Structure formats: structure tokens, C-alpha cells
Participant: 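Questions regarding the structure given below will be posed in turn.
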Amino acid sequence: MPVDAPDLAPLFDPDSVAVVGASPDSFYAGNLIDNLLDYGFDGPLYPVNPKRDEVWGRTCYDDVDDVPETVDLVVVSVPREYVVDVVRAAGERGVPVALVVAAGFSEADDRGTELESELAATAQDVGIHVVGPNCIGVMSARGATLTATCSREPQPGAIGLVSQSGALAFTTFFERAADADVHFSHIVSTGNEADLTTSDYVAYLAAEETVDVICAYVEGLTDPERFMRVAEAATRAGTPVLTVKIGQSDVAEAATLSHTGSLTGDDDAWAAAFRQTGVQRVPDIPDLLSQASAHAAYDVPDGDRVAIASTSGGLASLLADLADERGLSLPDIDGETERALLDMDELLTFGAFHNPADIRGYGAEVLPEIADTLFADDAFDAYVFAIGLSAVDDRAARVAADLKAIVERADDPVFVLWTGRKVPDDPTETPPYERLRGSVPVYEDPGRCLDAVASLVDAVADRDRLAARPGRAELAEGLTAPPVDIPRGRVLTWAESERLLSTFDVPVVETRLVTTPDEAAAAAADLGFPVVLKVDSPALPHRTDIGAVHVGVDSADSARESFDAIMQAARANAPDEDIEGVLVQPMVDDGVEAIVGVSPDEVFGSLVTVGAGGVLVEAVDDATVLVPPFSRADAREAVEATALADLLENRRGGDALSVDELVDVVVMVGDLAASTDVAELDLNPVLVTEDGPVAVDALVRTRE
């Protein structure tokens, strides 16, 4: 199994189960046992409850040690103060997995938090995997159903679901999917994740042959790097990971020191993590189910070329716009394909066919002929048949039968969008579209239909994109941090910052530190006028705000005057011992300004940001975030996602400047972020010139 996935077969498909706290009077334990037995489990089931002699026609045992055999799975449904002892006894007995449905842990109070820590330590100590606590249960459609809240028997499907919300897992995801004839292979409510985490379940499901796609409902992650690695491995292996992510990571307050930190929005880190690992983020539960059903129903297409045939011209125009928004290609319908469609009398079409093709309502009578004509053209990778007609009458029955046959004989994905009437006159009647939905996904919303098409296309692109670049584990192993001695827990001086940056080959403008007006004049003359003078003080990170930066200094006398003015401004805002002196730098002004930096993040540790730089950096708000470590290809995509690539390649009044050299700087900063204790780094601006990029200002703060 990839990335060290745990063996969870005893959880999802146990040969034997013991339920501690088994009682018909208990909602959770009672309903769980009812569902387990009603939905096909025929292995040994051992109730454990010292207050009863017999339940469900079975002998009731006093504790785990009294059970006649070492079971695959122990379900724990007892008051919280007894959970740790039960799990310890099960682990010492050799039980591989405990499913803890008991609540009242970290979600409840301080005592619950203490008990959860004890539970985690106990699991580690006795070598037992723990699901939960505060877990509503798990299900495997080909194994066992172990939850109190599953109202109907699961049907085998190809979608694995990992949910950090227990109630949503079964009462929403499962029920809504079953209503739409969408079925899961596995469902797990992760609970509080004292031991097993969302990442563990994703890793396990990615290795399961019955799982074609993994859905994850994520509130937060305690192991974000592991999640990135297991999701990346799944995507590389061809199992897409679709995620609904709620909540937002908070950027550490210290990040307000720098422009870089203020550019990082609350949710940018998650967006970066998902983008770098090929995780597809979807906005809501219906979107998750509609896209997952496509992955479960169809093989991946060869490309993004889509043919759309619609019985409504208006719907065809809408679909054209929606396809364009999602980056889907709509090749022309021309040549022999167009002639064959024009020759169909039923279509009543004259002149030309376009894509989307308006086949009008009459086209519903000859759908097989239209499909065969389109299938014969190798210009398309996927197909959408949009039916803007009633889905409940006699005509709908013929249309549904034709669509079923079309999907079954197609070599490529065929999507059915049916936007017409769905409620029949007789509510006891099963309408044709519902019968069709039992064998293929049927979409009712145009946007969700094309989202599903795009999701299928993107999965292939993500897989191929990741295959062409090193994985996160390889990137981490390849980091060779050079020896660098930097102070901890403070803002660095220019000399300290320059030493750190040069260690990672980040180019920095030539700089002189001076402590007298005459030294300033001499340094300026040596560097060549005009020059920039600025205070060097860790206590004054925002020196421009206090007038401690002078630009365009063009003479020795001006350099002396600027030195005095800068020192006066600095001393008005910081004690002498916190002022190193004044920095003198040559003016570098013929280029494109970028910002490259590092900011702290409470979830991912550090983030690297790149975007358009200069004094208007925050007003422009044009930046992209990366989670280190990252590849050069990731860095280039980040630069190209901003205006920088266009500004460099299409520079007004000058030759194109190198995007690659700026990408190199981003990679260097990424290595620095992943290899050192730098909490915050602000290179603003990095000026990209004909001679290459150079950082002309730097703010560095280290961790405690």
C-alpha cells in the first residue's frame, strides 16, 4: 500500500465483532447491532455487557477478556470514563481495531480532552488502531455496516467517503446519494481522530480495488503534510481525491509584520495544498456527489474535447458558456460528421452545425443515430446529451431507453443532462429518468453536469502533471540545508539577513553599512550615484513609514544630509542600541518589481508567496501561495498565476525579461523556508532586470 497505509480490513470487513456496551436500550449500540445483522453480517457477534445475561439471542459477556475468541473488531459504546480501560484490554487481547462510538472527549470539556490523550497513548502502548472517539460509525458495502444511523442497506458502489462530520456522513452524504442511485464502497466517520486520521483512511482507500474515487469532508487536519502526501500518491495512482473543505486556517498574528503575511488570505494555504497535490476542491455536498458519481461511472477521457448535443438551442448556448468557464474544449462539428447530421430529416436543420449542436426536440427521436455519427468522429473525448424535455411521459421512456443503450456502447464518457419535468402525475410511478439513473448518472443542473465533465478531465491532467514532477517525499529528502547560524526569536539585521540569503543563493543588491555621514558619502560615491539610503534596525521593520528611507540620492552632500535625516527619524522611534546604522545601495529601477516571501501558518508551518511587488503590493492583491517543499514546476505555475509572467514577457518599452530566473528565486526561498527556522521573510521588491533578479530589501524574522 502507498505511503504506509494502515491495514483496516478488520475494520471494514471484520470476520468477528464484539460490542462493548451492547444493549437494546442504547440508541447507538442497539441500532448499530440491528444494522450490522440486518445488512448481512453473518460472522460471530459477541455482546459485552456485565448487566445482561443475553441480548439478540446471544450470550452476553462481562468483559472483553471473557469473549471466546480474539475478534477482529471491538465496538466501544460505554460511558467515557470506561473507554480507555476497554481499549487497553482489547489491545492486550490482540484485537487489531477498536471503533469508539462513545462521546464526551475533546469535543466536550477539559476532562474529555485528558481522556482523549490517555486513549491515544493507550492505543500506541498496546498496538491497537482506534477509530474515533465520538465516531458515528463506518460502512463497507461489501463488508460490514457498523453505524446506528444508516436507514437502508448499502448497495455496492465505487466511491470511498471519509468524513470528519459523523452526522453528515450517513444522514446526509449516504442518504442523499442513495436517493440519487449513487452508492459508496466505504464510508468512515473519523470522529476526533485520537489515533487513526483522515489521512490514514485516504491512504487505505486509495489502495482498495473497489474504490474509483475518494471523497473527503474536511474540517481541519492535525497532519497536513501526511494528508498532502497520501492525496498526492492517490492522484498519481489514478484515484482522484475530491474534497469539501470547511473552516479556514488562521495566519499567525506575527505575519502582520510583513507584506507577505498580509497577502496570505485565510484559505490560501488550503488552496495551495490542494493544487500542489492534485486534490479537487468542490464547494458543497451536492457538487461532491455529482462529480464523484462521474468518476465511479466512467473511465477517464483521453482529453478535454467535448461534443454537446442539446434538444434546446437556449440550453446549448448556456452549455457553451459553461464549458468555456471550465476550460473545456468544444471542437467544431464539421466535415463528414456535419454532413451526416444535416442529412437527417428529423433534425430540420439547414446550413451548418455548431458545437454545442442544437438538435431541437425532434432530435430526441433519433438519438442513437446522432450518437453513432458523433462517435464515429475521433475529434471528441467525451459527450453530453442535453435533454430539455419532460422526463416522465411515454416519450421519455423511449428517450431513456435510447440514452441507456448509447452510454453502454460508447467507448468514451457520455453524460446525460435532463432538465425537464421530473414529477409524474402518478406519484407511485417510477418515472423513466429514475430508471435510467439506476444505471448511469443523470444530471438535472447544467452547471453541475459540466462540473462533472471537468472533474473527469482535470483528474487526468492532475495525474499527468504530478507524474512529471518529483513528489513531496522526494522533495523533502532532497533538501540539503547548508550550515547557517542565525539568531532565534527576533528580526535580523541586514548583515544577518544577507548572510542567510546568500547561503541559499538568493541574489541581493550590493549594500554598504555606514555609521557616519562621511562614510555614507564615500559609499555612495563608490557605488555610483544615484543611491538609496535606509536605516538598518530590527526594531524598525517598516522604515518607509517613519521617513527612514531616501531614494534618488545623487551627490555626496545629499548622502550626508540623508544620513543625518534618517538617523534623526530612527532615533525618534527606537533606542540607539537597536540601530545598526544606515544602508547604502545603488538605485536599481529598470525592471519589474516582484514580492517573494515566507509567512507563518498555524496549519502548514510556513507558506511561500510570490506576486507583483512594490509599494502597491497589498492594494494590487496579485499573489499566489505555495506550501514548501515544492518543485520548480510548482514555482513556475505560481508565477504564471499572477500578472508577473505577462509583465516580464511583455514589458513596455523594453525587451522581455526572464521568467525562469524569477522562478529560480522562488525555488531558493522555498528551500530556505523548508530548511530553516525562518518564521517570516519579506523580499519586497525583488527587482527583475536584464541582469537578472535581485532583492533590494529584506525583512527576516526567526522563530523562538
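Every value quoted in this text rests on a predicted model; they were computed, and no experiment measured them.
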Participant: Can you tell me which residue pairs pass the salt bridge (charged side-chain N to carboxylate O under 4.0 Å, His left out) test with a partner in residues 270-282, sequence neighbours excluded?
Facilitator: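 For residues 270-282: D267-R281.
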Participant: May I ask you to test the V162-Y204 pair for a side-chain heavy-atom distance under 4.5 Å?
Facilitator: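 Contact flag for V162/Y204 side chains = no.
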Participant: Does the R236 side chain pair with the main chain of L466, one donor and one acceptor, at a distance under 3.5 Å?
Facilitator: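 Such a contact is found between R236 side chain and L466 backbone.
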Participant: Do you know which two heavy atoms are closest between P541 and L699, and how far apart they sit?
Facilitator: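 Reported closest heavy-atom pair: CB-CD1, 3.7 Å.
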Participant: With rounding to the nearest 0.5 angstrom, report the CG to OG1 distance, L662 to T642.
Facilitator: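 One gets 8.0 Å once the value is rounded to the nearest 0.5 Å.
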Participant: Can you tell me how far apart OG1 (T624) and CG (D268) are? Round to the nearest 0.5 Å.
Facilitator: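 Nearest 0.5 Å value for the OG1-CG distance: 8.5 Å.
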Participant: How many angstroms lie between atom CG of L221 and atom CD of E225, to the nearest 0.5 angstrom?
Facilitator: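 Rounded to the nearest 0.5 Å, the CG-CD separation comes out at 11.5 Å.
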Participant: Do you know the tightest heavy-atom contact between V514 and F563?
Facilitator: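 Nearest heavy atoms, V514 then F563: O-CE1, 3.8 Å.
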Participant: Any donor-acceptor pair under 3.5 Å linking the side-chain atoms of E116 with those of N192?
Facilitator: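 Result is yes, a qualifying pair exists.
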Participant: Minimum heavy-atom separation for L626 to A638, with atom names?
Facilitator: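 So the two residues come closest at CD1-CB, 3.8 Å.
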Participant: Among V596, V700, T676, V506, which residue meets the side-chain contact (heavy atoms from CB on, under 4.5 Å) test with L681?
Facilitator: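 Considering V596, V700, T676, V506, a side-chain contact (heavy atoms from CB on, under 4.5 Å) with L681 is found only for V700.
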Participant: When rounded to the nearest 0.5 angstrom, what distance separates CG in L583 from CZ in R512?
Facilitator: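 Between L583 CG and R512 CZ, I get 12.0 Å after rounding to 0.5 Å.
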Participant: Between D195 (side chain only) and A123 (backbone N and O only), is there a donor and an acceptor less than 3.5 Å apart?
Facilitator: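 Answer holds: no.
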Participant: Distance-only, no hydrogens or angles: does the T122 side chain make a donor-acceptor pair with backbone N or O of E118 under 3.5 Å?
Facilitator: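 Between the backbone of E118 and the side chain of T122 there is a qualifying donor-acceptor contact (under 3.5 Å).
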Participant: Got a second to check how far D578's CG is from R490's CZ, nearest 0.5 Å?
Facilitator: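 Here the rounded value is 9.5 Å.
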Participant: Quick one: does V688's side chain get under 4.5 Å of E661's, heavy atoms only?
Facilitator: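 No, too far: nothing below the 4.5 Å cut-off.
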Participant: In chain order, what residues pass the salt bridge (charged side-chain N to carboxylate O under 4.0 Å, His left out) check against R651, with sequence neighbours excluded?
Facilitator: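 Testing R651 for salt bridge (charged side-chain N to carboxylate O under 4.0 Å, His left out), a comparison that skips the adjacent residues, returns D590, E690.
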Participant: Could you tell me whether a side-chain N or O of R472 sits under 3.5 Å from a main-chain N or O of R229, the two making a donor and an acceptor?
Facilitator: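 Not a single qualifying donor-acceptor pair exists.
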Participant: For atom CD of E325, is the number of surrounding heavy atoms from other residues, nucleotides or ligands below 6.0 Å larger than 12?
Facilitator: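 For E325, atom CD is crowded (more than 12 foreign heavy atoms under 6.0 Å).
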Participant: Salt bridge or not between R701 and D682? Use side-chain N to carboxylate O under 4.0 Å.
Facilitator: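 Result for this pair is no, no salt bridge flagged.
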Participant: Check V230 against A203 and note the closest heavy-atom contact, atom names and distance.
Facilitator: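 In this case the closest contact between V230 and A203 is CG1-CB, 3.8 Å.
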Participant: Compare every heavy atom of D564 with every heavy atom of P517, then report the nearest pair and how far apart it is.
Facilitator: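 Result for this residue pair: CG-OD1, 3.3 Å.
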Participant: Could you tell me whether the side chains of S165 and E219 share a donor-acceptor contact shorter than 3.5 Å?
Facilitator: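 Not at all, the side chains of S165 and E219 share no donor-acceptor pair under 3.5 Å.
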Participant: Looking only at side chains, do T113 and D110 share a donor and an acceptor under 3.5 Å apart?
Facilitator: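 No, no side-chain donor-acceptor pair sits under 3.5 Å.
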Participant: Would you check if there is a donor-acceptor pair between the side chains of D223 and S199 at a distance under 3.5 Å?
Facilitator: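 Judged by distance alone, the side chains do pair up.
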Participant: Test your reading of the model: is there a side-chain donor-acceptor pair from E232 to the backbone of G471, 3.5 Å cut-off?
Facilitator: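 No, because the side chain of E232 does not come within donor-acceptor range (under 3.5 Å) of the backbone of G471.
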Participant: Using a 3.5 Å distance criterion without hydrogens, assess whether the side chain of D646 forms a donor-acceptor pair with backbone atoms of A643.
Facilitator: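 Checking the backbone N and O of A643 against the side chain of D646, no donor-acceptor pair under 3.5 Å is found.
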Participant: How long is the gap from CG on D458 to CG on D451, to the nearest 0.5 Å?
Facilitator: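 Reported to 0.5 Å precision, the distance equals 10.0 Å.
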Participant: Show, in sequence, the C-alpha distance, side-chain angles and deciding distance for R632 and D660, and conclude whether the side chain to side chain contact (heavy atoms under 4.5 Å, CB included) test is met.
Facilitator: CA-CA 10 Å; R632 196 174 191 283; D660 287 336; 3.6 Å; yes
Participant: I want to check something: taking the side chain as every heavy atom from C-beta on, are I486 and E496 in contact at a cut-off of under 4.5 Å?
Facilitator: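 I486 vs E496: side chains apart.
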Participant: Looking only at atom types and distance, does a side-chain atom of S502 sit under 3.5 Å from a main-chain N or O of D505, one as donor and one as acceptor?
Facilitator: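 It does not hold such a pair.
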Participant: Do L479 and D671 have side chains that approach each other closer than 4.5 Å (heavy atoms only, starting at C-beta)?
Facilitator: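 They are in side-chain contact.
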Participant: If you define the side chain from C-beta out and look only at heavy atoms, does anything of Y201 sit under 4.5 Å from I214?
Facilitator: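 Answer no - side chains too far apart.
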Participant: Only one of V696, L527, V686, D697 forms a side-chain contact (heavy atoms from CB on, under 4.5 Å) with V509, so which one is it?
Facilitator: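 Among V696, L527, V686, D697, the one that satisfies the side-chain contact (heavy atoms from CB on, under 4.5 Å) with V509 is V696.
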Participant: Does V627 reach the side chain of L607, with side-chain heavy atoms less than 4.5 Å apart?
Facilitator: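 V627 reaches L607 side chain to side chain.
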Participant: Could you check whether any side-chain heavy atom of I246 comes within less than 4.5 Å of a side-chain heavy atom of Y217, counting everything from C-beta outward?
Facilitator: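 Contact flag for I246/Y217 side chains = yes.
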Participant: Please walk me through it: do I566 and Q568 pass side chain to side chain contact (heavy atoms under 4.5 Å, CB included)?
Facilitator: CA-CA 5 Å; I566 288 171; Q568 182 177 356; over 6 Å; no
Participant: What closest approach, in Å, do A120 and A194 show between heavy atoms, and which atom pair accounts for it?
Facilitator: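 So the minimum-distance heavy-atom pair works out to CB-O, 3.4 Å.
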Participant: Where do V663 and V666 land on the side chain to side chain contact (heavy atoms under 4.5 Å, CB included) test, with the steps shown first?
Facilitator: CA-CA 5 Å; V663 170; V666 177; 5.5 Å; no
Participant: Please lay out, stage by stage, how T609 and I595 fare under the test side chain to side chain contact (heavy atoms under 4.5 Å, CB included).
Facilitator: CA-CA 8 Å; T609 300; I595 181 172; 5.5 Å; no
Participant: Kindly indicate whether the side chain of V551, heavy atoms from C-beta on, has any atom under 4.5 Å from the side chain of K534.
Facilitator: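 No, every pair of side-chain atoms sits at 4.5 Å or beyond.
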Participant: Give a yes or no on whether D284 atom CG has more than 12 heavy-atom contacts from other residues, nucleotides or ligands under 6.0 Å away.
Facilitator: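 Yes, the 6.0 Å shell around CG holds more than 12 heavy atoms from other groups.
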Participant: Is a donor on one side and an acceptor on the other found under 3.5 Å between the side chain of R463 and the backbone of T235?
Facilitator: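 Checked: no pair found.
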Participant: Please check if any side-chain donor atom of E193 sits under 3.5 Å from a side-chain acceptor atom of Q164, or the reverse.
Facilitator: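 The criterion, which ignores hydrogens and geometry beyond distance, is satisfied for Q164 and E193.
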Participant: Assess the side chains of T493 and E580: does a donor N or O sit below 3.5 Å from an acceptor N or O?
Facilitator: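 No donor-acceptor contact under 3.5 Å links the two side chains.
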Participant: Just checking, is any N or O donor in the side chain of S606 or R703 under 3.5 Å from an acceptor N or O on the other one?
Facilitator: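 Present: a donor and an acceptor within the cut-off.
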Participant: Mark yes or no for whether S163, through its side chain, and G166, through its backbone, hold a donor-acceptor pair below 3.5 Å.
Facilitator: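 No, the answer is negative, given that no donor and acceptor are paired below the 3.5 Å cut-off.
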Participant: Looking at A539, is its backbone amide N or carbonyl O close enough to the side chain of S537 to form a donor-acceptor pair, meaning the two atoms are under 3.5 Å apart?
Facilitator: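 A pair under 3.5 Å: yes.
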